Amino acid sequence: MTNSSIAAPLHTDEVLLQQVHTRNDKRAFEQLYQRYYTLLCRQVHRLVYDESIAEEIVSNVFIKIWRNRAKLRVDKKVKAYLKTAVRNQAIDHLRKQVKSRPFNGEITQDYRSSYAQPDELMIGQEMRAKVEAAIQSLPTQGQHIFRLSREEGMKYREIASSLNISIKTVETHMRRSLIHLRQKILA
């Protein structure tokens, strides 16, 4: 006895990804894309606060998956893999943004957008406070070097010269400071 109103089961994410990997199946790829695009854009938007950048990041992840489909190996659930991939790309984007301009002590980017809700604006304010608290929790020398680099825009060589220390010492303090800040902020 069959019931024609019961739809055939959809392929699981893992089956679709396997088809993309082994058969270069564009339909399977499109199904994954349609299944996760909006969800992933929302996730990235919560990190970058810019709709177009979020869409670009998610699209780039899918492009990389398609280009590397022949050697693609996913050892966990596809959804978790995709969420991790877009999160990592969003963090890379934010890192590049921070490195491309000196930090002047203020977050000047307007984090409001068409998606911004009052709770998201509050989260942005909390994040700024968390960043400042993390900077203030650095050891005195590390905090001073970090602020010279990020707020004053000084090069490591300039910092070393002005503080009469080696460039390696500046690099070590910055590396430790960035690790410390990452742990404090992402905790």
Side-chain angles (χ1 to χ4, degrees), residues 40-65 67-68 71 73 75-76 80-187:
L40 296 172
C41 283
R42 274 189 252 130
Q43 175 188 335
V44 173
H45 185 267
R46 285 190 293 262
L47 296 170
V48 299
Y49 296 99
D50 186 307
E51 183 179 354
S52 62
I53 291 173
E55 291 172 353
E56 182 179 340
I57 288 170
V58 173
S59 294
N60 286 341
V61 166
F62 276 104
I63 289 168
K64 285 180 184 178
I65 289 171
R67 286 184 180 156
N68 298 314
K71 53 188 168 187
R73 299 285 184 265
D75 297 330
K76 54 185 168 182
Y81 172 81
L82 291 170
K83 289 178 114 180
T84 301
V86 297
R87 179 182 174 275
N88 289 342
Q89 290 298 310
I91 290 170
D92 286 348
H93 168 79
L94 293 172
R95 259 190 214 119
K96 288 175 189 171
Q97 223 179 13
V98 167
K99 286 182 180 179
S100 71
R101 60 186 151 87
F103 182 66
N104 63 5
E106 292 182 28
I107 306 292
T108 56
Q109 181 177 355
D110 184 6
Y111 287 108
R112 291 169 292 189
S113 74
S114 59
Y115 286 133
Q117 299 295 319
D119 60 333
E120 291 174 333
L121 295 174
M122 186 177 73
I123 290 169
Q125 292 169 345
E126 289 173 0
M127 181 56 79
R128 286 190 291 278
K130 195 172 188 179
V131 168
E132 184 55 35
I135 292 170
Q136 290 178 2
S137 72
L138 289 168
T140 306
Q141 181 80 344
Q143 184 180 151
H144 185 61
I145 291 170
F146 181 84
R147 289 190 187 278
L148 287 173
S149 172
R150 294 303 197 257
E151 293 175 11
E152 302 297 322
M154 292 176 70
K155 306 278 186 219
Y156 289 2
R157 181 176 46 259
E158 296 169 330
I159 296 169
S161 176
S162 71
L163 297 178
N164 200 23
I165 58 177
S166 74
I167 293 175
K168 285 290 185 195
T169 302
V170 173
E171 290 172 352
T172 299
H173 277 286
M174 283 300 294
R175 187 180 70 252
R176 288 178 182 164
S177 295
L178 291 171
I179 289 169
H180 173 79
L181 293 174
R182 190 175 306 123
Q183 289 171 342
K184 287 281 191 185
I185 293 168
L186 297 179

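Numbers here simply count residues along the sequence, with the first being 1. Please read all numbers here as calculations on a predicted model, not as lab measurements.
- The CD atom of Gln143 lies 9.5 Å from the CG atom of Leu181; values are rounded to the nearest 0.5 Å.
- Residues Ala54 and Cys41 share a closest heavy-atom pair of CB-O, 3.7 Å.
- Remark: Ala133 pairs with no residue by the side chain to side chain contact (heavy atoms under 4.5 Å, CB included) rule, at least two apart or across chains.
- Separating the CD atom in Glu56 from the CD1 atom in Ile63 is a distance of 9.0 Å, to the nearest 0.5 Å.
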Give the C-alpha distance, both sets of side-chain angles, the deciding distance and a yes or no for side-chain contact (heavy atoms from CB on, under 4.5 Å) between Val44 and Tyr49.
CA-CA 8 Å; Val44 173; Tyr49 296 99; over 6 Å; no
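- Atom CZ of Phe146 sits about 6.0 Å away from atom CG of Leu178, to the nearest 0.5 Å.
- Side chains of Lys76 and Thr84 form a contact here, defined as non-hydrogen atoms less than 4.5 Å apart.
- For residues 171-181, every residue pair satisfying the salt bridge (charged side-chain N to carboxylate O under 4.0 Å, His left out) rule, not counting sequence neighbours, is listed here: Lys168-Glu171.
- A 4.5 Å side-chain heavy-atom check between Met154 and Ser149 finds every atom pair outside the cut-off.
- Among pairs with a residue in residues 80-90, none fulfils salt bridge (charged side-chain N to carboxylate O under 4.0 Å, His left out), at least two apart in sequence or across chains.
- At least one side-chain heavy atom of Ile57 sits under 4.5 Å from a side-chain heavy atom of His93.
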Do any side-chain atoms of residues 156-163 form donor-acceptor pairs under 3.5 angstrom with protein atoms, and if so which ones, sequence neighbours left out?
from: Glu158; atom 1: OE1; to: Lys155; atom 2: N; distance (Å): 2.8
from: Ser162; atom 1: OG; to: Glu158; atom 2: O; distance (Å): 3.3
from: Ser162; atom 1: OG; to: Ile159; atom 2: O; distance (Å): 3.1

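- Ala85 approaches Val61 most closely through the heavy-atom pair CB-CG1, 3.8 Å.
- Partners of His180 according to the side chain to side chain contact (heavy atoms under 4.5 Å, CB included) rule, which considers only residues two or more places apart in sequence or in another chain, are Ser137, Leu138, Lys184.
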Check the pair Arg147 / Glu132 against salt bridge (Lys or Arg N to Asp or Glu O under 4.0 Å), numbers first and verdict last.
CA-CA 11 Å; Arg147 289 190 187 278; Glu132 184 55 35; 2.7 Å; yes
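- Listed by chain and number, the residues in a side chain to side chain contact (heavy atoms under 4.5 Å, CB included) with Asn68 are Lys64, Lys71 (sequence neighbours excluded).
- Ile165 places a side-chain heavy atom less than 4.5 Å from the side chain of Ile145.
- Remark: Thr172 OG1 to Ile167 CD1 distance equals 11.5 Å, nearest 0.5 Å.
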Any chance you could lay out the side-chain contact (heavy atoms from CB on, under 4.5 Å) test for Leu82 and Ile65, step after step, and finish with the verdict?
CA-CA 10 Å; Leu82 291 170; Ile65 289 171; 3.4 Å; yes
